[in-house]
Amino acid sequence: MEEMPKNYDPQAAEPELIEKWMKADCYGRSKGTEDRTVVIPPPNVTGILHMGHAMDDTIQDTYIRYSRMRGYSTRWILGTDHAGIATQTKVDKKLKSEGISRLEIGREKFVDACWDWTREYGGTIVSQIKRMGCSIDFNDEKFTMSPEYTQAVRKVFVDWYHDQLIYRGKRIVNWCPHCETSISDDEAEYADEKGHLWYLRYPLKEPVNGIEYITVATTRPETMLGDTGVAVSPQDPEKADLVGKTVILPIVNREIPIFSDWHVDAGFGTGFVKVTPAHDPNDFAMGQTHNLEQINIFDEHAVVVDGYGEFSGLDRDQAREAIVAWFEEHGLLDHIEDLDHSVMHCYRCGTTLEPWLSEQWFVAVDKLKEPAAQVVKDGQVAFHPKRWTQTYLTWMENLRDWNISRQLWWGHRIPVFYCDDCGWQDALMEDTDVCPKCGGHHVHQDEDVLDTWFSSQLWTFATQGWPNHPDQLEGHHPTQVLVTARDIIALWVARMIMSSLYFTKEIPFHDVYIYATILAKDGSRMSKSKGNGVDPMDLIAKYGADAMRYNLLTLITNNQDVKFDAVLDKKTRELVESPRTDQARSFVTKIWNASRFVQMNLDGYTAGMPKAETPEDAWMFSRLAKVVAETTEQLETYGFGEYARNIQSFFWNDVCDWYIELCKGRLLDGTPEERLQVQRNLVFVLDVSMRLLHPAMPFVTESVWDALPASGLLSHDAEFLMISEWPDPQKLANFVDEAAEHNFSLAKTVVSAVRSSRARYRLSPKTDLAVMVKAPAQDVAALKEQAAFIQNVGRVSSLEVAEEPQKPAGSVSVADAGLEMYVVLGELVDLTAETKRLQKDLESAKKELSGVERTLANEGFVAKAAPEVIEKKRARAEELTTLVAQLEQQIADFS
């Protein structure tokens with residue numbers, strides 16, 4: 001047996017294992033009893049891995065690896081999204097740097113340039129996913145712009161068009177003047193900005209009760225050029241006399257009516273609201289109700305159109321400045337107030353979005369949303385955590401028709417054709433240049449493309465042969481679980497359910513797992529613009545993929561947002577350290593070192609059954625059997641955080657710190673028979689542990705398992721750990737021994753108390769101490785039976801156990817797990833001097849605690865200090881509170 005290297009090098013081991021796994025086709029579909037098909041949320045084809053991807057992919061790989069080992073039929077589908085706006089923006093920028101314009105080269109050549117860009121940069125994120133150790137089927141990669149997928153997208157559009165679920169209409173959309181396309185409500189990002197509220201005077205056509213003008217309050221004075229009405233609240237009786245009157249709109253001299261409408265908040269501004277139907281969704285709704293004219297004053301670049309004199313040709317910012325100046329010059333600017341408000345921005349380029357009246361394509365959702373809500377209500381689709389169920393249902397209740405058209409060239413072109421000769425229009429599965437109605441040749445296709453969310457809504461079934469090969473869906477659809485972020489419950493999850501129910505007559509997945517949002521260390525959102533994003537590849541390069549994956553899993557709790565502790569260089573923004581990932585790397589090292597110690601002491605080993613010959617064996621086997629059952633249940637119910645923390649606690653504390661340590665005597669000095677049996681026991685424990693750890697930490701566990709001989713109980717026939725059997729909880733259930741666990745835990749408690757006392761009073765670990773234990777009647781006998789073990793392992797010179805013992809002189813008490821241990825220190829510690837030292841430490845701790853509490857009670861400090869500073873103060877207050885309690889207890893022990 002070749003000895004394991006002294007040190008484990010993830011940078012060498014991990015890429016090597018990836019190549020071995022892929023060469024052996026371990027990542028492909030596996031056959032089994034129950035289907036566990038999962039689709040990866042398709043990342044942008046030209047994107048790179050970020051921490052959200054890393055979390056998402058780690059969770060999916062953990063689930064797939066576990067399911068594969070359980071013997072289930074697994075398929076993990078890889079694919080990328082063509083990223084319409086993102087890719088077009090990048091190609092536009094590249095062409096601009098070359099002195100070329102998209103408009104100059106035309107649509108066909110521009111689309112070719114997008115394909116070239118995709119082929120050149122499209123593999124980056126896939127290679128990064130591979131480096132993470134994701135056991136996804138890389139030989140069956142999908143792409144939303146592939147011919148097969150494009151045909152599926154086209155069929156959905158054509159069928160919905162003919163079923164009257166898709167229509168074209170003029171509505172208010174969120175328009176990006178920079179990207180020159182509409183953006184859906186769900187894609188708009190809101191940012192708080194410091195702005196103003198301008199109070200503008202609009203003269204009445206005829207005075208009313210001596211009133212010559214009204215004053216409107218607006219955050220966007222530039223849009224007043226398109227005003228076609230002024231609204232007041234029906235619940236504002238003071239303005240009732242003005243309803244039905246008209247004002248003369250300044251600058252353009254347009255006569256517009258005053259009316260009442262429930263959209264108006266009587267408490268906002270002056271209670272008079274300017275209404276611009278072409279530039280605000282609420283105004284659009286009021287305009288529809290009151291038959292107001294819709295006047296669009298901006299072009300696609302947010303520049304004032306012709307017809308407005310000196311203001312035409314100005315962009316919206318310039319127009320705002322000029323119009324405010326005009327009102328001030330003509331005595332119609334009442335006053336200006338500061339106002340903090342939330343403003344929509346393009347999620348791609350950051351440009352402020354413009355509510356803009358535009359002709360677009362929409363999906364009518366009324367017939368689609370009710371069935372999609374019902375399958376969640378009746379539990380066919382379950383959200384994890386459950387609290388996201390209501391988020392989904394609330395969104396579905398308020399769902400409006402979905403704007404699916406984008407004014408781009410890169411993407412799925414809308415398959416609607418028009419005849420310029422006779423006016424014929426239809427959605428077709430095949431392109432045509434001849435009108436089927438009149439035979440004319442003046443036929444053209446719609447210029448717009450579909451929103452990328454339209455195409456990605458088909459992801460679970462269009463990636464599996466639909467519509468041409470529906471047989472491929474059998475047994476793999478619905479998929480098992482969708483792992484995704486909360487941000488796209490509305491954008492993607494809901495739309496996948498709607499489209500799948502319509503076209504496949506079944507749900508797309510049984511479960512939706514919403515993972516934690518990873519925030520920067522200070523609690524803010526990670527982003528490139530802020531420079532606080534952490535590159536997962538930097539973490540892998542520094543700590544290894546296992547450490548990064550494991551750390552991410554341990555971050556998962558019931559709280560949705562988690563802070564990532566990475567420290568970045570202030571100038572370069574490169575990774576300096578991540579303490580938690582460093583701790584995870586220490587766990588990798590622990591796994592390696594513990595396994596290496598066992599492997600180095602297996603000379604003479606022959607495979608055989610594990611057998612409990614000592615109390616620690618029985619305890620270990622019982623704990624192991626329980627952890628197998630616990631981790632299996634946790635992974636079945638998507639308890640990834642609990643799984644990761646549970647398996648680490650078990651392996652580090654129970655296996656390494658206790659069991660392996662306790663086995664050393666028999667392993668190094670036992671009889672040949674004792675040595676062989678403890679070898680078999682250790683190999684069995686390590687074998688099971690590696691299998692349990694593998695889904696989270698595939699690399700180090702595969703390396704350890706490969707170096708271990710076969711256990712006598714579990715099959716070792718598989719070439720790799722990743723395709724070996726998952727430990728069967730039922731088969732190991734006979735190892736569960738509650739009495740053995742309880743009794744051994746009592747002994748552990750006593751030993752731990754003795755060890756902690758030595759550490760607390762700075763005594764040598766080799767110092768023997770006398771101990772008396774106060775125990776419940778039912779535990780006295782068990783402790784006495786283990787007296788020899790406790791004395792040997794705990795270096796206890798004498799041990800007494802009783803229900804009501806007399807506390808010995810010169811002893812300190814330690815209470816834990818229902819026991820009270822009196823550890824005799826005697827002359828080993830100068831109790832008087834120790835008490836004085838403790839009193840001094842206590843006074844110091846109380847003084848510092850008082851100062852910290854005063855600081856936290858200062859409202860001015862809390863309001864102005866950075867979040868990380870406040871958090872640090874609170875953490876210190878908790879530490880000091882605990883320290884004070886500990887010191888007071890120690891002083892009480894001495895008194």
Side-chain angles (χ1 to χ4, degrees), residues 21 25-42 56-79 134-142 148-149 152 375-376 378-384 456-484 492-493 496-497 499-515 631-640 643 691 694-695 698 718 720 722-730:
W21 287 331
D25 195 27
C26 295
Y27 288 0
R29 301 188 195 186
S30 65
K31 296 181 179 179
T33 55
E34 179 182 322
D35 184 65
R36 291 286 175 90
T37 297
V38 175
V39 293
I40 191 171
D56 196 327
D57 298 342
T58 294
I59 291 170
Q60 290 177 81
D61 192 49
T62 299
Y63 186 74
I64 285 292
R65 285 181 181 271
Y66 156 74
S67 298
R68 186 185 291 118
M69 294 175 73
R70 279 298 300 272
Y72 296 141
S73 172
T74 59
R75 186 186 184 198
W76 188 9
I77 300 173
L78 171 68
C134 293
S135 56
I136 199 165
D137 192 353
F138 291 97
N139 293 321
D140 189 25
E141 185 177 342
K142 308 298 181 180
E148 300 83 5
Y149 201 96
V375 293
V376 172
D378 62 25
Q380 292 184 57
V381 177
F383 279 82
H384 308 267
S456 62
Q457 71 174 322
L458 325 179
W459 196 241
T460 62
F461 54 94
T463 54
Q464 300 194 73
W466 186 91
N468 294 333
H469 303 285
D471 54 297
Q472 294 180 15
L473 290 170
E474 294 180 14
H476 297 287
H477 198 273
T479 60
Q480 182 59 41
V481 58
L482 178 73
V483 181
T484 189
W492 194 40
V493 178
M496 292 174 83
I497 296 175
S499 64
S500 181
L501 287 173
Y502 196 89
F503 290 101
T504 71
K505 309 306 178 186
E506 60 186 11
I507 55 176
F509 29 70
H510 296 287
D511 298 292
V512 180
Y513 180 81
I514 305 297
Y515 60 80
T631 54
T632 301
E633 175 66 15
Q634 286 158 349
L635 290 173
E636 282 292 330
T637 56
Y638 313 116
F640 299 104
Y643 152 74
R691 294 174 197 244
H694 179 77
F720 296 103
M722 72 171 289
I723 53 175
S724 68
E725 290 182 47
W726 182 262
D728 189 332
Q730 293 183 340

Side-chain heavy atoms of [X] within contact of [Y], under 4.5 Å:
X: R691; Y: S724; result: yes
X: D137; Y: W76; result: no
X: V481; Y: V512; result: no
X: W492; Y: P42; result: yes
X: D56; Y: P41; result: yes
X: I723; Y: R68; result: yes

- Query: So, Y149 versus W459, ring centres under 6.0 angstrom or not?
  - Reply: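 Under 6.0 Å, so yes.
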- Task: Begin from the C-alpha positions of V381 and V376 and carry the test side chain to side chain contact (heavy atoms under 4.5 Å, CB included) through to its verdict.
- Result: CA-CA 5 Å; V381 177; V376 172; 4.1 Å; yes
Would you please say whether a donor-acceptor pair under 3.5 Å links the side chains of [X] and [Y]?
X: W726; Y: T632; answer: yes
X: Q380; Y: D378; answer: yes
X: E636; Y: Y66; answer: yes

Find the distance between [atom1] ([X]) and [atom2] ([Y]) and round it off to the nearest 0.5 Å.
X: F383; Y: I514; atom1: CZ; atom2: CD1; answer: 6.0 Å
X: D61; Y: I40; atom1: CG; atom2: CD1; answer: 9.5 Å
X: D511; Y: L482; atom1: CG; atom2: CG; answer: 10.0 Å
X: M722; Y: H694; atom1: CE; atom2: NE2; answer: 5.5 Å
X: I77; Y: E141; atom1: CD1; atom2: CD; answer: 12.5 Å
X: Y638; Y: I59; atom1: OH; atom2: CD1; answer: 12.0 Å

- Message: Please identify which of these residues, V39, N139, I136, meets the side-chain contact (heavy atoms from CB on, under 4.5 Å) condition with L78.
- Response: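 Exactly one candidate clears the test, I136.
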Shortest non-hydrogen contact between [X] and [Y], atoms and distance:
X: P698; Y: P695; answer: CD-O, 4.3 Å
X: T460; Y: P508; answer: OG1-CB, 3.4 Å
X: S73; Y: H476; answer: OG-CE1, 4.0 Å

- Message: Would the distance check show the side chain of S67 and the main-chain N or O of R36 forming a donor-acceptor pair, the cut-off being under 3.5 Å?
- Response: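 Between the backbone of R36 and the side chain of S67 there is no qualifying donor-acceptor contact (under 3.5 Å).
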- When you measure from the side chain of T37 to the backbone N and O of P478, does any donor-acceptor pair fall under 3.5 Å?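 Side chain of T37 to backbone of P478, a donor-acceptor pair under 3.5 Å: no, none is there.
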- Message: So, applying side-chain hydrogen bond (donor to acceptor under 3.5 Å, both in side chains) with H477, which one of Q464, Q472, E506 is it?
- Response: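 That would be E506.
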- Query: What residues, two or more places apart in sequence or in another chain, satisfy salt bridge (Lys or Arg N to Asp or Glu O under 4.0 Å) together with R75?
  - Reply: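 Applying salt bridge (Lys or Arg N to Asp or Glu O under 4.0 Å) to R75 gives D140.
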Compile the donor-acceptor pairs under 3.5 Å between side chains in residues 26-33 and protein atoms, sequence neighbours left out, one pair per line.
unit_1 : atom_1 : unit_2 : atom_2 : d
S30    : OG     : Y72    : O      : 3.3
S30    : OG     : T74    : N      : 3.2
S30    : OG     : T74    : OG1    : 2.4

- Apply side chain to side chain contact (heavy atoms under 4.5 Å, CB included) to the pair Y513 and Y63, showing each step before the final yes or no. CA-CA 11 Å; Y513 180 81; Y63 186 74; over 6 Å; no
- Message: For F509 and S500: C-alpha separation, side-chain torsions, deciding distance, then whether side chain to side chain contact (heavy atoms under 4.5 Å, CB included) applies.
- Response: CA-CA 9 Å; F509 29 70; S500 181; over 6 Å; no
